[in-house]
Each structure stands twice: as structure tokens, then as C-alpha cells.
Amino acid sequence: MRWDDRRVVITAAGRDFGRTLAIALADLGAEVFLSARELTAARRVRDEIRRGGRQRVHAFACDLTSPASIRPFASDVAEHTDRVDLLVNNGSRYLAGPDLLSAADDDVVDTIASGATGTVLTTKSFLPLLLNSPAPDVVTMVSACGTPGHHRSDAHDAFYAAKSAQAGFVEILSKRLRPQGVRVISLYPPDFDNADPLSEEWHTTSRQAGDALSAHSLVECVLFAVAQPRDCFIKAFHFEQA
């Protein structure tokens, strides 16, 4: 599947899986609008993609904890395009530590705000552009931590709270946006390996049954879901934890 006519927004694409997905979709021909909390990080990924021969990529600053940053991000994207075909809610701060007392209050607030409030407000801000698309999709990177009863991560309780909030949001959003033709797709991965997509390791990493989940496989899940006919609403991908 080629993405030459697709316009994609990816939050927190300055590193890790957001960067991986931005590079992969740009390589398929998509026009990519990527954000990071720091503009320098977004521009660094933009420049990596452009050096690879893909010029339709744009970099923006967006602090997902700040409504005053999210709104201008959406407005700036709207200056470049009249529609968004895919919004990827990738941004969410990770906070480690299974001891509730181990995190400062500000870190708790930042973690929950970026994952929960940031996802809601980003989707809200980009919804008008999504509704202009003939085939709009919203993909949210939740986490196994957003699955009821999950307890196998060493993430802080605040991260669990943020991911549970994301899960509740996308669950109701899927039902409420379906009549408007917007598919809401969520991924609930456990910890996974994220090889650099610009390295040889991306192509050589083993992806057998006994291996940890890879970012390469997660990218293919996104591509698979979005490629389905519009009557096929794949709500969620849940993964067995090795």
C-alpha cells in the first residue's frame, strides 16, 4: 500500500516510536506533520527524513501538557493542508517506579496531563481536519498498562492512570465518531524493542514467537488496520506479553 495521497499527523515524533512511525510513513510516500515538545527534536527528525529523499515533511513544537500549545499546533498544520487522513496520538510521558511515593507531584501532573489531557485535546483540535478527509483514522498508542488488571510493568501509578484514561477516551470515541466515518484504532503493546528504522538492525532483528515485540511489527499493525476497507473498524490491538 502506498501512502502518496495520505496526510498524517504524529505527536511526540522527536524520538522513539513516534520517530520510527514518521520515518516509515514518509518512506511510503505520506505527507507527515510531526511534533515534539522541543522544536529542535522535531526538526532533527524532519531533516533525517528529508535526507532520505522525502521532502513532504513538516516539523512543529507541541507540548501535550499545554492547551495553549496544542491549539496553535493544529492551526499551523491547517495552514499547510485542508485535511488530515491519519492522526497518531503517540505522545505520553513515561514515568518509572512502582512506588507511589517515588515521584514528585509535578512529575505526576506532567505524566497524566501529557497522556490523558494531551490525547483528548489533540484529537479535539484536529477533528475538523479529520472530518474533511474521505477516509479519516485516529490511531492511539495506549499501552498494556491501560488494560484492566494489568500489573506486569514497573511504570509508576501515574502512568497507569494516564493510560487508563486514554483507554476510556478511545473506547467511547470509537462509538461516537463511527457515524461520521472516523475509525478509532488503539494499540496496547507491552514493552517493545524499537530498533532504529534507519539502521540495518531494523531489517535484521528477529521477529519470531519467542522474541520481544518489535516496533517494526507495531508499524505493520498500523499499516494493516488503516489499509482495511472502510466497513472494517478494527478497534484495538492487544498483544500477548512474552
Side-chain angles (χ1 to χ4, degrees), residues 7-19 21-22 32-46 57-95 103-133 136-143 145-146 155-177 180 182-187:
R7 299 171 189 180
V8 180
V9 171
I10 306 173
T11 63
R15 59 186 178 88
D16 298 336
F17 185 69
R19 169 181 174 269
L21 194 57
V32 176
F33 303 87
L34 61 91
S35 77
R37 180 174 286 194
E38 299 296 332
L39 183 58
T40 53
R43 285 175 171 169
R44 183 168 58 248
V45 176
R46 177 201 63 188
V57 56
H58 315 271
F60 304 89
C62 181
D63 181 351
L64 293 172
T65 68
S66 170
S69 181
I70 295 170
R71 288 191 299 268
F73 172 39
S75 296
D76 289 346
V77 170
E79 292 182 2
H80 293 269
T81 178
D82 61 352
R83 75 173 200 271
V84 168
D85 303 301
L86 172 62
L87 167 64
V88 182
N89 289 312
N90 173 69
S92 181
R93 175 182 172 178
Y94 180 75
L95 188 62
D105 290 353
D106 287 347
D107 291 329
V108 169
V109 170
D110 191 70
T111 299
I112 295 175
S114 66
T117 307
T119 297
V120 173
L121 292 182
T122 299
T123 307
K124 177 176 180 284
S125 294
F126 279 99
L127 185 56
L129 289 174
L130 285 162
L131 293 175
N132 285 341
S133 169
D137 291 302
V138 177
V139 169
T140 302
M141 291 298 298
V142 187
S143 165
C145 293
H156 190 270
D157 307 67
F159 184 77
Y160 269 90
K163 291 304 177 178
S164 296
Q166 273 187 325
F169 172 64
V170 295
E171 177 70 26
I172 192 62
L173 196 70
S174 178
K175 293 178 174 62
R176 291 180 174 175
L177 290 185
Q180 299 175 75
V182 182
R183 298 188 300 194
V184 179
I185 304 158
S186 305
L187 279 69

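For the numbers below, each heavy atom of this structure counts, side chains included, while hydrogens, waters and symmetry mates do not. This one's a predicted model, so the numbers in the text were calculated from it and none came from an experiment.
- The two residues L95 and A158 make their nearest non-hydrogen contact at CD2-CB, 4.2 Å.
- If you take CZ on R43 and CG on L34, they are separated by 11.5 Å, rounding to the nearest 0.5 Å.
- A tilted orientation is assigned to the rings of H58 and H80, their planes being inclined by 30° to 60°.
- Results of the salt bridge (charged side-chain N to carboxylate O under 4.0 Å, His left out) test with R7 over D82, D137, D85 single out D82 as the only residue that passes.
- Atom OG of S125 and atom CG of L87 lie 10.0 Å apart (nearest 0.5 Å).
- L21 CG to D16 CG: the interatomic distance, rounded to the nearest 0.5 Å, is 12.5 Å.
- Across all their heavy atoms, L129 and A74 have their closest contact at CD1-O, 4.3 Å.
- Ion pairing of D63 with R37 is present here, as a side-chain N (NZ or NE/NH1/NH2) and a carboxylate O approach within less than 4.0 Å.
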* List the steps, then state whether side chain to side chain contact (heavy atoms under 4.5 Å, CB included) holds for I70 with C62. => CA-CA 6 Å; I70 295 170; C62 181; 3.9 Å; yes
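- For N90 (side chain) and A12 (main-chain N/O), a donor-acceptor pair under 3.5 Å exists by modelled atom type.
- In terms of the side chain to side chain donor-acceptor pair (under 3.5 Å) criterion, residue partners of K175 (sequence neighbours excluded) are, by chain and number, E171.
- A heavy-atom distance below 4.5 Å is not found between the side chains of M141 and S92.
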* Going through the checks in order, is the side chain to side chain contact (heavy atoms under 4.5 Å, CB included) test met by L64 and R93? -> CA-CA 9 Å; L64 293 172; R93 175 182 172 178; over 6 Å; no
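- Among all heavy-atom pairs drawn from A116 and A165, the shortest one is CB-CB, 3.6 Å.
- Distance check: R46 CZ to S35 OG gives 13.5 Å after rounding to the nearest 0.5 Å.
- Of all heavy-atom pairs spanning S186 and V142, the tightest one is CB-CG2, 4.1 Å.
- The two residues P136 and L130 make their nearest non-hydrogen contact at CB-O, 3.2 Å.
- Note: F73 and F126 have perpendicular aromatic rings, judged against thresholds of 30 and 60 degrees for the angle between ring planes.
- In terms of the salt bridge (charged side-chain N to carboxylate O under 4.0 Å, His left out) criterion, D157 has no residue partners (sequence neighbours excluded).
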* Assess whether side chain to side chain contact (heavy atoms under 4.5 Å, CB included) is satisfied between F159 and S143, documenting all intermediate values. => CA-CA 10 Å; F159 184 77; S143 165; 4.0 Å; yes
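- The residue from T11, T81, I10, D76 that alone fulfils the side chain to side chain contact (heavy atoms under 4.5 Å, CB included) condition with F33 is T81.
- Distance check, rounded to the nearest 0.5 Å: OG of S69 to CG of L121 gives 11.0 Å.
- Residues G14 and R19 come closest through the heavy atom pair C-CB, 4.3 Å.
- Judged by distance alone, the side chain of Q166 and the main-chain N or O of G115 form a donor-acceptor pair under 3.5 Å.
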* Could you walk me through whether L177 and L127 pass the side chain to side chain contact (heavy atoms under 4.5 Å, CB included) test, one step at a time? => CA-CA 10 Å; L177 290 185; L127 185 56; 4.2 Å; yes
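- A donor atom on one side chain and an acceptor atom on the other are not found under 3.5 Å apart for T122 and N89.
- Side chain of S114 to main chain of T111: a donor-acceptor pair is present (N/O by atom type, distance under 3.5 Å, no hydrogens or angles).
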